[in-house]
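In each ligand, atom 1 is the first atom listed, and ligand 1 is the first ligand listed.
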Amino acid sequence: MSDSPILQVQGIEVLYEQAILAVRGVSLQVAKGQIAVLLGANGAGKSSTLKAISNLLRAERGEVMQGRIHYNGRDITHSTADRLVRDGLVQVLEGRHCFAHLTVEENLMTGAFARRISRRQLHDELEQIYTQFPRLELRRKSLAGYTSGGEQQMVAIGRALMAKPQLVLLDEPSMGLAPQIVEEIFTTIGQLNREAGVSFLIAEQNIAVALEYAHYGYVLETGSVVRQGTGAELAALDDLHSFYLGGQPATANAEGVQLPAN
Ligand code: ATP
């Protein structure tokens with residue numbers, strides 16, 4: 001990995017309702033200009049880790065109890081979510097939250113809300129989103145609530161892009177979508193990464209597609225990182241699928257993939 005991470009998470013613990021320890025000492029990093037993935041089964045702690053980074057835990061009565069989070073070298077452990085968005089760190093929540101009663105285009109425009117840009121610039125940036133997601137151009141006047149799941153996911157990602165992010169946290173972008181749409185979304189993510197240099201941290205249960213695009217990945221189990229390695233190293237692990245679906249935790253490191261320090 002490059003030695004100048006855009007994101008560095010060191011030993012964080014997330015506690016909900018002052019009782020439920022969802023994340024136990026997770027450390028990870030995202031190198032500038034790279035795609036990192038967080039893999040793990042339901043309840044492994046992926047969403048909680050992402051929300052800890054983007055400071056969205058409070059609304060769910062959760063908090064970061066320990067550890068530090070650095071973004072572009074700055075300690076953001078206690079930064080507000082809106083400050084983070086202004087600084088280019090944006091999260092797309094699980095479940096593709098769109099404003100159902102706004103059109104696709106109005107949804108996209110809300111993403112630029114925190115930036116003071118001219119109508120002309122707004123128009124140009126919307127056109128860029130339509131180049132990246134041609135389906136959205138066809139649906140620009142449709143109410144988001146009446147578009148397909150795949151289109152809503154594209155709206156949610158497009159809205160994040162309108163904030164001109166350096167780092168996007170994506171929570172399960174493939175959830176509930178047909179394989180062809182998942183491929184389309186990941187192809188666009190890959191392009192945004194290569195061509196616009198946007199870094200991504202993506203939580204996914206769809207291992208195959210995630211590792212196809214990941215430079216680096218982490219496997220979470222019951223709130224801890226149990227494996228990490230490059231996308232190719234993790235893809236080569238025979239036991240990853242069974243491990244994921246609740247198989248025995250790995251104890252050996254025969255494949256040369258780093259086991260976690262924590
Ligand atoms: P999923 O794919 O199901 O979202 P995940 O890997 O993202 O799984 P989390 O949603 O982070 O996992 O959940 C980790 C643990 O924290 C689980 O045991 C879950 O029940 C618990 N948890 C998550 N959100 C809350 C909350 N708001 N209040 C209490 N416990 C929570």
Original post:
Counting heavy atoms only, which of Ser48, Ala59, Ala41 comes nearest to atom 9 (P) of ligand 1?
Top reply: Ser48

Original post:
In terms of side-chain heavy atoms, does Tyr130 have a donor or acceptor partner in Glu105 at a distance below 3.5 Å?
Top reply: yes

**OP:** Would you tell me which option among Glu60, Lys46, Glu221, Gln205 has the nearest heavy-atom contact to atom 5 (P) of ligand 1?
**Re:** Lys46

Original post:
Which one of Ala19, Ser47, Gly223 has a non-hydrogen atom at the shortest distance from atom 7 (O) of ligand 1?
Top reply: Ser47

**OP:** Can you measure from CG (Asp124) to CZ (Arg119) and round to the nearest 0.5 angstrom?
**Re:** 12.5 Å

Original post:
Can any side-chain N or O of Arg227 pair as donor or acceptor with the backbone N or O of Gly217 at less than 3.5 Å?
Top reply: no

Original post:
At a 4.0 Å threshold, what atoms of ligand 1 neighbour a non-hydrogen atom of Ala22?
Top reply: 14 (C), 15 (C), 16 (O)

**OP:** Return the residue, atom name and 0.1 Å-rounded distance of the protein heavy atom closest to atom 31 (C) of ligand 1.
**Re:** Tyr16 CD1, 3.4 Å

Original post:
What distance separates Arg61 CZ from Ile20 CD1, expressed to the nearest 0.5 Å?
Top reply: 10.0 Å

**OP:** Calculate, to the nearest 0.5 Å, the distance between atoms CD1 and CG belonging to Ile76 and Leu7 respectively.
**Re:** 6.0 Å

Subject >> Atom pair CG (Leu89) and CG (Asn72), whose distance is rounded to the nearest 0.5 Å >> reply: 9.0 Å

Original post:
Within a distance of under 4.0 Å, is there any protein heavy atom near atom 23 (C) of ligand 1?
Top reply: yes

Subject >> Identity and separation of the nearest protein heavy atom to atom 12 (O) of ligand 1 >> reply: Gly45 N, 3.1 Å

Original post:
Can we say Arg135 and Glu184 salt-bridge, meaning some charged N sits less than 4.0 Å from an Asp/Glu carboxylate O?
Top reply: yes

Subject >> Within reach of ligand 1, part of Asn42 (heavy-atom separation under 4.0 Å) >> reply: both

Original post:
Donor-acceptor pair, Gln66 side chain versus Gly25 backbone, under 3.5 Å?
Top reply: no

Subject >> Heavy-atom nearest neighbour in the protein, as seen from atom 17 (C) of ligand 1, with distance rounded to 0.1 Å >> reply: Gly43 O, 3.8 Å

Original post:
Going by the atom numbers of ligand 1, which of them fall below 4.0 Å from some non-hydrogen atom of Glu172?
Top reply: 2 (O)

**OP:** Have a look at ligand 1 and work out which part of Arg61, if any, has a heavy atom under 4.0 Å from it: side chain, backbone, both or neither.
**Re:** neither

Original post:
Can a donor-acceptor pair be found between the side chains of Tyr16 and Ser48 at a distance below 3.5 Å?
Top reply: yes

Subject >> Atoms in ligand 1 flagged as close to Ile20, the criterion being non-hydrogen separation under 4.0 Å >> reply: 29 (C), 30 (N)

**OP:** Mark whether atom 20 (O) of ligand 1 lies under 4.0 angstrom from at least one protein heavy atom.
**Re:** no

**OP:** Run the numbers for me: atoms of ligand 1, each under 4.0 Å from some heavy atom of Ala44, listed by number.
**Re:** 5 (P), 6 (O), 12 (O)

